[in-house]
There are 2 protein chains.
Amino acid sequence: MGQTMALADDIQSGGKALVYDKGETIFRQGETDPHLYFVQKGFLKAYYLTASGKEYVKTFVPENDFIGSSNVYRYPQTGCTFTLVCLEPSRLLRLKYTDLINIVQQTPESALALINMLIDVIAKKERREFEFLCLSAEERYQQILKNTPELLKRATQNDIARYLGITPVALSRIRSRMTGNPSSALMT
Amino acid sequence: MGQTMALADDIQSGGKALVYDKGETIFRQGETDPHLYFVQKGFLKAYYLTASGKEYVKTFVPENDFIGSSNVYRYPQTGCTFTLVCLEPSRLLRLKYTDLINIVQQTPESALALINMLIDVIAKKERREFEFLCLSAEERYQQILKNTPELLKRATQNDIARYLGITPVALSRIRSRMTGNPSSALMT
DNA sequence: TCTGTTTTTTAACCCGGGTTAATGCCGGTG
DNA sequence: CACCGGCATTAACCCGGGTTAAAAAACAGA
């Protein structure tokens, strides 16, 4: 983590600080935005919008986390695969991917810091993949209760449902099932 | 890709070649194996085994791909989160994570190659995550038909089902639904 | 406080996938 | 050749989640 913070320092020195209001959009699905963002303060939501108009939440982004459309770095002509919007007033540091690579080429330590950060991202995605593959929607919700209960305070239940890959109606049912009002099982 | 191949060369010079028969296990869930593997030839399956004995396929690993339990790199005391087994006779290159880091510290170019490789891994995981989040099981199967039809030849339908996150029975139903024998809809 | 909007809950109905079990189908082995 | 184990298919039944719609609850602004 010390290494990652050092990288954050590098980004701080090379990046541009930006302030957004709640509800503001940083970039939209389809646009090209060749930047990596570091969240100094606030809370954001990254989401996919399908052709049929349905929204699915890719991830929530809290303080001290990074976000950017990685495909745009590798294939600069492609568009972002998702939209990034603020759920709270936020302060971000913005840095071009190409500038990041330049910074990281300067010192082996910062290169290693970036490598470790990327491996952390991979580990995180691996856990989400594991949860989709191996757990039921109810079990995935219980993981949130156990591991990131703050999320319940910062995101609406609608958005949490769309993050779990289910509808808000289904999440409401899961919750009432879990509250376990066992008497309801006895009633007609 | 040229960069990634250069990295593969580095791994080749520092790695140890290993040969496995079909059915052999490289490492088991719970063991600690601090290595990254590069597949020169063959085809492997990485899978999770739940407490209740159910198997879920995390990924298939074809030639020129890498695999390793990334959490073991960051947290060396933890065990692998999955089991790795050969579906075909395979030749692998094995390299300690720590040696890889040493190699990569030598030259900025190899560090950049690793960074690019990691970003490719992230992009790949992002697509799988997207498919779980936004697509139905049938749509996910259609993605395989479109993007990696070779998989149908190298893996059993059982394993493909467990990769899609459904049961073999469900995949069989999806296939018969898709064959679209429309007459069956007319019959009792 | 009143009001309009968003979020959450509940109900009814449908459908896809899980489960179990039976059957058929190879492919390998003795 | 006969046998056996794993793989694929099919059927029957159940349950969780999608969909639609309506109502209740929580919020934010005037």
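Order of the sequence lines fixes the chain letters, A, B, ..., with proteins taken first and strands second; residue numbering starts at 1 for each chain.
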### Task
Please name the residue in the list A:E138, A:R140, A:Q143 that meets the side-chain contact (heavy atoms from CB on, under 4.5 Å) test with A:L164.
A:R140

### Summary
Separation of C:dT6 atom P from A:L87 atom CG, nearest Å, is 16 Å

### Task
In plain terms, say whether A:D65 and A:K124 are close enough for a salt bridge, that is, a side-chain N and a carboxylate O under 4.0 Å apart.
yes

### Message
Between A:Y163 and A:Y47 (judged by ring centroids, cut-off 6.0 Å), do the two rings come close enough to count as a pair?
### Response
no

### Query
Whole Å only: how far is the NZ atom of A:K22 from the C1' atom of D:dA28?
9 Å

### Euclidean distance, atom CZ of residue B:R173 to atom C1' of D:dC13 [Å, nearest integer]
11 Å

### Query
For D:dT9, does OP1 or OP2 lie under 4.0 Å from any side-chain N or O of B:R175?
yes

### Validation row, ring centre B:F66 to ring centre B:F38 under 6.0 Å
yes

### Message
Among residues 134-171 of chain A, which ones have heavy-atom contacts with DNA chain D below 4.0 Å?
### Response
A:A137, A:G165, A:I166, A:T167, A:V169, A:A170

### Query
Any sub-3.5 Å donor-acceptor pair from B:E129's side-chain atoms to A:R128's backbone N or O?
no

### Query
Just how far, in rounded Å, is C1' of C:dG17 from CZ of B:F132?
14 Å

### Task
Look at B:R177 and C:dG16 and indicate whether a side-chain polar atom (N or O) is within less than 4.0 Å of OP1 or OP2.
no

#### Entry: Passing option when A:E63 is tested against A:R91, A:K41, A:R154 for salt bridge (charged side-chain N to carboxylate O under 4.0 Å, His left out)
A:R154

